[in-house]
Q: 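Got a structure for you, questions after.
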There are 2 protein chains.
Amino acid sequence: MPANILLVEDEPAIQELIAANLTRAGHTVMRASDAETAQRIVREALPDLVLLDWMLPGMSGVEFARRLRADERTRGIPIIMLTARSEEQDKVMGLDIGADDYITKPFSPRELVARIKAVLRRRAPQATEDAVELGGLRLDPATHRVTAAGELVNLGPTEFRLLHFLMTHAERVHSRSQLLDQVWGDHVFVEERTVDVHIRRLRSALEPSLHDRLVQTVRGSGYRFSTEITEMVNN
Amino acid sequence: MPANILLVEDEPAIQELIAANLTRAGHTVMRASDAETAQRIVREALPDLVLLDWMLPGMSGVEFARRLRADERTRGIPIIMLTARSEEQDKVMGLDIGADDYITKPFSPRELVARIKAVLRRRAPQATEDAVELGGLRLDPATHRVTAAGELVNLGPTEFRLLHFLMTHAERVHSRSQLLDQVWGDHVFVEERTVDVHIRRLRSALEPSLHDRLVQTVRGSGYRFSTEITEMVNN
DNA sequence: GTTACCTGTCACATAAACGTCACGATGCGG
DNA sequence: CCGCATCGTGACGTTTATGTGACAGGTAAC
């Protein structure tokens, strides 16, 4: 879950330190030394999260936060406040404004990264993935369970994701490269034939329980999940 | 989130002022002018939060707080300390005892209400206090006891909370970071692998009595409590 | 103090899952 | 019916995730 983070911090040394750590954690960082600059950046590129120093020259961090909350487009962006002292009053005001967390300096890089992760996760679309049921097959993301004709089926992580994708995009044909993008992720580099192998593993896990070939091969194009059996030959 | 608040304050004027503001914020208020009265009230009706003056006639606020923390039933109730002095030592002592926040007089009503909101929100996700019984396991939050197939099992505090959470959210898969948030709290920072270790401690405490693996591993995703045993299926 | 937990972290062991290949099987166009 | 392209399959070495035992620090009870 790499994120695009806006860092608003006037002290150059600290800004550099934080930015380095964020980058190392896989995030991209946009920097501003004052609230005015930050405001300008926000207008152009919406960040996923704002790291905001409490004390800033000119417009205060509080004021900047308030404006973020006032604007429709930026209202949902989580804010983590940075503050030099652990003054309780600041904390209350910050949380009151709608900051999602606050960190008092000095803090460890690990702690910072951990909190960012926590806030992003909390804000993340709590997509309550619904179970899919199709052709005697049932796949439930919440329990991470697959049932074929009532029987529990054991799948590896990749086969699970593969089946999930195929079932939620049933009846459609997916090329190997499409499947690699959707199931493996578009950054990984694996052979296309690897898909074949996982399809095989998927079938051999499902078909002892089912007697129809739901995961079908479309020669020259790819694979498809379908309840409509085109042709089934076995012995 | 309206709450039932116990206000312990000996100065009538201040008590009245605070009570009025709390009521206006939608809370219900129980009042006491001294710690003895407060103690009596607590025995009859558990408050959601205690607003406690530091300096009281007779038993001091500190002593009252200590007793609240000592009793199983009142241990979880958040405490906000009120004090006229802003001396660091008091603050440290207060937080040491287990106060959740600390406010020095004079304070604005708005600040008070904001802090109460913050503290309540922090404490908000309180699990149900009912006993859970599942798959031969019985866990009772009230007595802090766990029985596996009739036999009493000894668990450390963390293992207890972990099991409690897993049982009250059975069948669902929880990632390590979700478990850290829910069982440890989202402000704590520990390694994700620490979860593994506690799962192991939990298992080795339970499994001598049970013969099924109720705490299951879902490779690549996390852990799950389930009475439905996933079998290993081979080709 | 001393003792007996409990805790978080590590290093290492174990097991599952992964990606790749070689080869055989199958389908399709000519 | 042939030949080529495509796909299925089993095996295998490697990578990754999880299980496990040990350890140092911390805390509370005694």
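To find a chain, count down the sequence lines: A is the first, B the second, and so on, and within it residues start at 1.
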Q: Specify the angle, to 10°, made by the local axes at the two ends of the helix from C/dG1-D/dC30 to C/dG30-D/dC1 when five pairs are taken at each end.
A: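 About 30°, once rounded to a multiple of 10°.
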Q: For A/Phe160, answer base if it contacts any base atom (sugar-phosphate contacts may also be present), sugar-phosphate if it contacts only those atoms, and nothing otherwise; contact means non-hydrogen atoms under 4.0 Å.
A: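 Contact class for A/Phe160: none.
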Q: Let's go through B/Leu155 and B/Leu202 carefully: what are the C-alpha distance in whole Å and the side-chain angles of both, what is the deciding distance for side chain to side chain contact (heavy atoms under 4.5 Å, CB included) to 0.1 Å, and is it a yes or a no?
A: CA-CA 7 Å; B/Leu155 294 180; B/Leu202 186 52; 3.9 Å; yes
Q: Need to verify one output field. Residue with the more 5' nearest nucleotide on DNA chain C, B/Glu159 or A/Thr158?
A: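 So the residue in question is B/Glu159.
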Q: Expressed as a whole number of angstroms, how long is the span from A/Leu155:CG to C/dA17:C1'?
A: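 For the pair A/Leu155 CG and C/dA17 C1', the rounded distance is 12 Å.
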Q: With a 4.5 Å heavy-atom cut-off, do A/Glu192 and A/Ser175 have their side chains touching?
A: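 In short, these two side chains do not touch, never coming nearer than 4.5 Å.
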Q: For a quick test of reading the model: is some side-chain N or O of A/Ser204 closer than 4.0 Å to OP1 or OP2 of D/dT9?
A: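 Negative; the distance criterion is not met.
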Q: Is the A/His174 to A/Phe225 ring centre distance short of 6.0 Å?
A: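 Here the rings of A/Phe225 and A/His174 have centres that are no less than 6.0 Å from each other.
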Q: If only side-chain N and O atoms of B/Tyr223 are considered, is one of them under 4.0 Å from the OP1 or OP2 phosphate oxygen of D/dG19?
A: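 Checking D/dG19 against B/Tyr223, a side-chain N or O does come within under 4.0 Å of OP1 or OP2.
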Q: Apply salt bridge (charged side-chain N to carboxylate O under 4.0 Å, His left out) to A/Arg176 and list each qualifying residue two or more places apart in sequence or on a separate chain.
A: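 A/Arg176 satisfies salt bridge (charged side-chain N to carboxylate O under 4.0 Å, His left out) with A/Asp196 once adjacent residues are dropped.
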Q: Quick one: are the ring centres of A/His144 and A/Phe160 less than 6.0 Å apart?
A: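 Between A/Phe160 and A/His144, which both carry aromatic rings, the centre distance is below 6.0 Å.
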Q: Between C/dG27 atom C1' and A/Gln216 atom CD, what is the distance in whole Å?
A: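 It is 16 Å, rounded to the nearest whole Å.
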Q: When you measure from the side-chain N and O atoms of B/Thr217 to the phosphate of D/dA17, is any distance below 4.0 Å, counting only OP1 and OP2?
A: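 Answer is no, no contact under 4.0 Å.
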Q: For DNA chain C, which residues in residues 173-195 of chain A have a heavy atom at a distance below 4.0 Å?
A: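 The answer is A/Trp184, A/Val190, A/Glu191, A/Thr194.
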Q: Please report, rounded to the nearest Å, how far the C1' atom of C/dC6 is from the CG atom of B/Leu162.
A: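 The answer, rounded to whole Å, is 15 Å.
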Q: Heavy-atom distance under 4.5 Å between the side chains of B/Leu166 and B/Leu134, does that happen here?
A: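 No, every pair of side-chain atoms sits at 4.5 Å or beyond.
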Q: Report yes if some heavy atom in the side chain of B/Tyr223 is under 4.5 Å from a heavy atom in the side chain of B/Leu179; otherwise report no.
A: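 In contact.
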Q: Closest approach to the side chain of A/Pro157, judged atom by atom: which nucleotide of C/dA17, C/dT7, D/dG19 is it?
A: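 Between C/dA17, C/dT7, D/dG19, the one nearest the side chain of A/Pro157 would be C/dA17.
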Q: Would you mind reporting whether A/Gln15 and A/Leu17 have side-chain heavy atoms less than 4.5 Å apart?
A: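 No - every pair of side-chain heavy atoms lies 4.5 Å or more apart.
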Q: Could you tell me if A/Thr217 and A/Arg203 have a donor-acceptor pair between their side chains, going purely by distance under 3.5 Å?
A: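 A pair is found: one side chain offers a donor N or O, the other an acceptor, under 3.5 Å apart.
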Q: Report the distance from atom NE2 of B/His144 to atom P of C/dC6, rounded to the nearest whole Å.
A: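 To the nearest whole Å, that distance equals 11 Å.
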Q: Please write out the pairs of protein N or O atoms and N or O atoms of nucleotides 24-26 of chain C separated by less than 3.5 Å, giving the distance to one decimal.
A:
from   : atom 1 : to       : atom 2 : distance (Å)
C/dT26 : O2     : A/Arg219 : NH2    : 3.0

Q: Atom CG of B/Asn154 to atom C1' of C/dC6: distance rounded to whole Å?
A: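 From B/Asn154 CG to C/dC6 C1': 12 Å.
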Q: Assign each of A/Ser221 and B/Val218 to its nearest nucleotide of DNA chain D by heavy atoms, then name whichever residue's nucleotide is nearer the 5' end.
A: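 Of the two residues, A/Ser221 wins.
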Q: Considering only heavy atoms from C-beta outward, does the side chain of A/Val153 approach that of A/Leu206 to under 4.5 Å?
A: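 Yes; the side chains approach each other to less than 4.5 Å.
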Q: Does any non-hydrogen side-chain atom of B/Leu51 lie less than 4.5 Å from one of B/Ile79?
A: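 They are not in side-chain contact.
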Q: How close or far is atom P of D/dG8 from atom CG of A/Leu202, stated in whole angstroms?
A: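 Nearest whole value for this atom pair: 12 Å.
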Q: Side chain to side chain contact (heavy atoms under 4.5 Å, CB included) with A/His27: which of A/Asp48, A/Asn4, A/Leu49, A/Ile116?
A: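 For A/His27, the side chain to side chain contact (heavy atoms under 4.5 Å, CB included) test succeeds with only one of A/Asp48, A/Asn4, A/Leu49, A/Ile116, which is A/Ile116.
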Q: Specify the separation, in whole Å, of atom CG of A/Asp196 and atom C1' of C/dA22.
A: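 About 14 Å, once rounded to whole Å.
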Q: Between protein and nucleotides 10-15 of chain D, what N or O pairs are separated by less than 3.5 Å?
A:
from   : atom 1 : to       : atom 2 : distance (Å)
D/dG10 : N7     : A/Arg200 : NH2    : 3.2

Q: Do the side chains of B/Val146 and B/Arg138 get nearer than 4.5 Å, heavy atoms only?
A: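 They are not in side-chain contact.
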Q: Does A/His164 reach the side chain of A/Val132, with side-chain heavy atoms less than 4.5 Å apart?
A: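 Yes. Closest side-chain heavy atoms under 4.5 Å.
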Q: Starting from C1' on C/dA17, measure out to CZ on A/Arg161 and report it in whole angstrom.
A: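 In whole Å, C/dA17 C1' lies 11 Å from A/Arg161 CZ.
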Q: How would you list all residue pairs meeting salt bridge (charged side-chain N to carboxylate O under 4.0 Å, His left out) that involve residues 146-171 of chain A, not counting sequence neighbours?
A: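 Pairs touching residues 146-171 of chain A that pass the test: none.
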